[in-house]
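These notes are about the structure you will find just below.
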Number of protein chains: 2
Amino acid sequence: MAEASGTARDPEAVSRFVEHFAAQLVEAGLARMPARVFAALLASDAGVLTSAELGEQLKISPAAVSGAVRYLSQVHMVSREREPGSRRERYRVHGDQWYEALTNREAIIKRWEDALREGVTSLGAHTPAGRRLEETLAFFEFVEKEVETMMDRWRAHREKRFGRG
Amino acid sequence: MAEASGTARDPEAVSRFVEHFAAQLVEAGLARMPARVFAALLASDAGVLTSAELGEQLKISPAAVSGAVRYLSQVHMVSREREPGSRRERYRVHGDQWYEALTNREAIIKRWEDALREGVTSLGAHTPAGRRLEETLAFFEFVEKEVETMMDRWRAHREKRFGRG
DNA sequence: CGCTTCTTTCAGAAATTTGTGAAGTTAAGG
DNA sequence: CCTTAACTTCACAAATTTCTGAAAGAAGCG
């Protein structure tokens, strides 16, 4: 079907993957443009693309690219680089760092925990509702700890299977 | 401020918690009405509320309640019960089952994995992009396994700390 | 069986979100 | 410094989502 050999990539095959994977990300709650930009980076051979390349490949305006990458770098799913001696900006998925970011819903979990703690206090720790909130809180605290050790195990697993990036 | 003793609950304190916690859930990607309904259930003493109670407490129409609980039970965050000999429906957060549901983004992860596998094939497993997708896939497969054992550990931890529900 | 009470469905108004074009800003390179 | 290439910001039009009121659909109870 596609001439998958040598150096040329089939842009259609790439696009199919990008749109399909982006759709899954959208379903999981990511906004559309960030999802598409991220998928495009993930599917690029170098793991790096310029704004212009992103805009062209995804058929979106510079403004849309700008908004998407701003979001993505805020949540550390991509990093931006200035290619020296040029005003072109480049965006990169960093193999490692992005799924670390995924599990780093930490900021979010922390806020859940804060809200729950407040609830326990204001509803009363000795009430049934208070106790339910307390248990929920305990769950998140537990998960938080576990995720940390899980990522350690992943890094070990990864190195064994793929070598040090 | 609130008469937090005895039996009466301060509706304002409850509402404050409900809206605050719901806001966090919304930020994490949940739709507004499901978030509010869920928070209300979580903050209720019995862990159970009828449609009418939800509508009244949250100042929303029966239609909105209906839509929210349909979604919530689809993703197993609440269960619905028919109180026998009445056409009142009741909705419950089940202590245990709901955070199991939270970690059961399984369906979603599975679809991510499918999309990634497709990408590996169509971009070529030997290409740089293909290899990146492969590693990402490996990460999700790893997480999937880990989450399972984590939930086992949680159940043990929970029982020790809170007793069997 | 019909009445009544509760829930669901549906069409549409209102609010929100999204993506664009155009103007504005920054910095490289003469 | 001035020009120019690149990115960003902003206001707005379009698309989408959200919630409601109203009508239709179940199911207990007489």
Side-chain angles (χ1 to χ4, degrees), chain A residues 15 18-19 22-41 44 46 48-75 77-93, chain B residues 15 18-19 21-41 44 46 48-75 77-92:
Chain A
S15 175
V18 167
E19 296 306 330
Q24 308 305 317
L25 295 176
V26 167
E27 202 147 336
L30 201 60
R32 181 187 311 279
M33 286 294 136
R36 297 179 70 209
V37 166
F38 182 73
L41 282 167
S44 70
V48 175
L49 293 172
T50 64
S51 296
E53 290 167 331
L54 284 167
E56 188 193 6
Q57 190 182 329
L58 300 174
K59 300 271 188 282
I60 57 179
S61 71
V65 175
S66 176
V69 296
R70 173 170 31 153
Y71 173 80
L72 288 172
S73 42
Q74 262 172 10
V75 300
M77 286 175 68
V78 314
S79 51
R80 48 202 325 163
E81 313 173 343
R82 200 44 156 278
E83 77 187 289
S86 158
R87 59 230 98 151
R88 268 200 189 82
E89 202 99 33
R90 308 179 349 154
Y91 307 100
R92 148 168 287 140
V93 274
Chain B
S15 176
V18 167
E19 297 306 330
F21 190 63
Q24 307 307 317
L25 295 176
V26 167
E27 202 147 337
L30 201 59
R32 180 185 313 277
M33 286 295 138
R36 296 180 69 209
V37 165
F38 182 73
L41 282 167
S44 71
V48 175
L49 292 173
T50 64
S51 297
E53 290 168 331
L54 284 167
E56 187 192 8
Q57 190 182 329
L58 300 173
K59 300 270 188 286
I60 58 180
S61 71
V65 175
S66 176
V69 296
R70 175 170 29 156
Y71 173 79
L72 288 172
S73 43
Q74 263 172 9
V75 299
M77 286 176 68
V78 313
S79 51
R80 48 201 327 164
E81 313 174 342
R82 201 44 157 280
E83 75 186 294
S86 159
R87 64 232 95 151
R88 268 198 189 86
E89 201 99 31
R90 307 179 350 152
Y91 307 99
R92 149 169 285 142

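In what follows, chains are A, B, ... by sequence order, proteins preceding strands, each numbered from 1.
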(message) Would you say that B/Leu72 contacts B/Tyr91 through its side chain, given a criterion of any heavy-atom pair below 4.5 Å between the two side chains?
(response)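 B/Leu72 vs B/Tyr91: side chains apart.
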
(request) With sequence neighbours excluded, tell me which residues meet side-chain contact (heavy atoms from CB on, under 4.5 Å) with B/Ala39. (result)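 B/Val18, B/Phe21, B/Ala22.
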
(request) For B/Arg88, enumerate each residue passing the side-chain contact (heavy atoms from CB on, under 4.5 Å) test, keeping only those at least two apart in sequence or located in another chain. (result)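 Counting only residues at least two positions away or on another chain, B/Arg88 forms a side-chain contact (heavy atoms from CB on, under 4.5 Å) with B/Thr50, B/Glu83, B/Ser86.
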
(request) Under 4.0 Å from any heavy atom of chain B: name the first and the last nucleotide of DNA chain C that qualifies, 5' to 3'. (result)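 Range of nucleotides within reach of chain B: C/dT4 to C/dT9.
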
(request) Heavy atoms under 4.0 Å is the rule here; annotate nucleotides 1-8 of chain D 5' to 3' with B where the base is hit, S where only the sugar-phosphate is, and - elsewhere. (result) ---BBSSB

(message) Around atom CD of A/Glu81, are there more than 12 heavy atoms from other residues, nucleotides or ligands closer than 6.0 Å?
(response)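 Count over threshold, so yes.
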
(message) Run the side-chain hydrogen bond (donor to acceptor under 3.5 Å, both in side chains) test against B/Glu27 and tell me which residues pass, sequence neighbours left out.
(response)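 With neighbours one apart ignored, the set is A/Arg111.
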
(request) With sequence neighbours left out, write down each residue that passes salt bridge (charged side-chain N to carboxylate O under 4.0 Å, His left out) with A/Glu19, or none if nothing qualifies. (result)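 Once residues adjacent in sequence are excluded, the partners of A/Glu19 under the salt bridge (charged side-chain N to carboxylate O under 4.0 Å, His left out) criterion are A/Arg36.
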
(request) Report yes or no: does A/Ser66 contribute a side-chain atom to a donor-acceptor pair with the main-chain N or O of A/Pro62 at less than 3.5 Å? (result)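 Judged by distance alone, no pair lies under 3.5 Å.
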
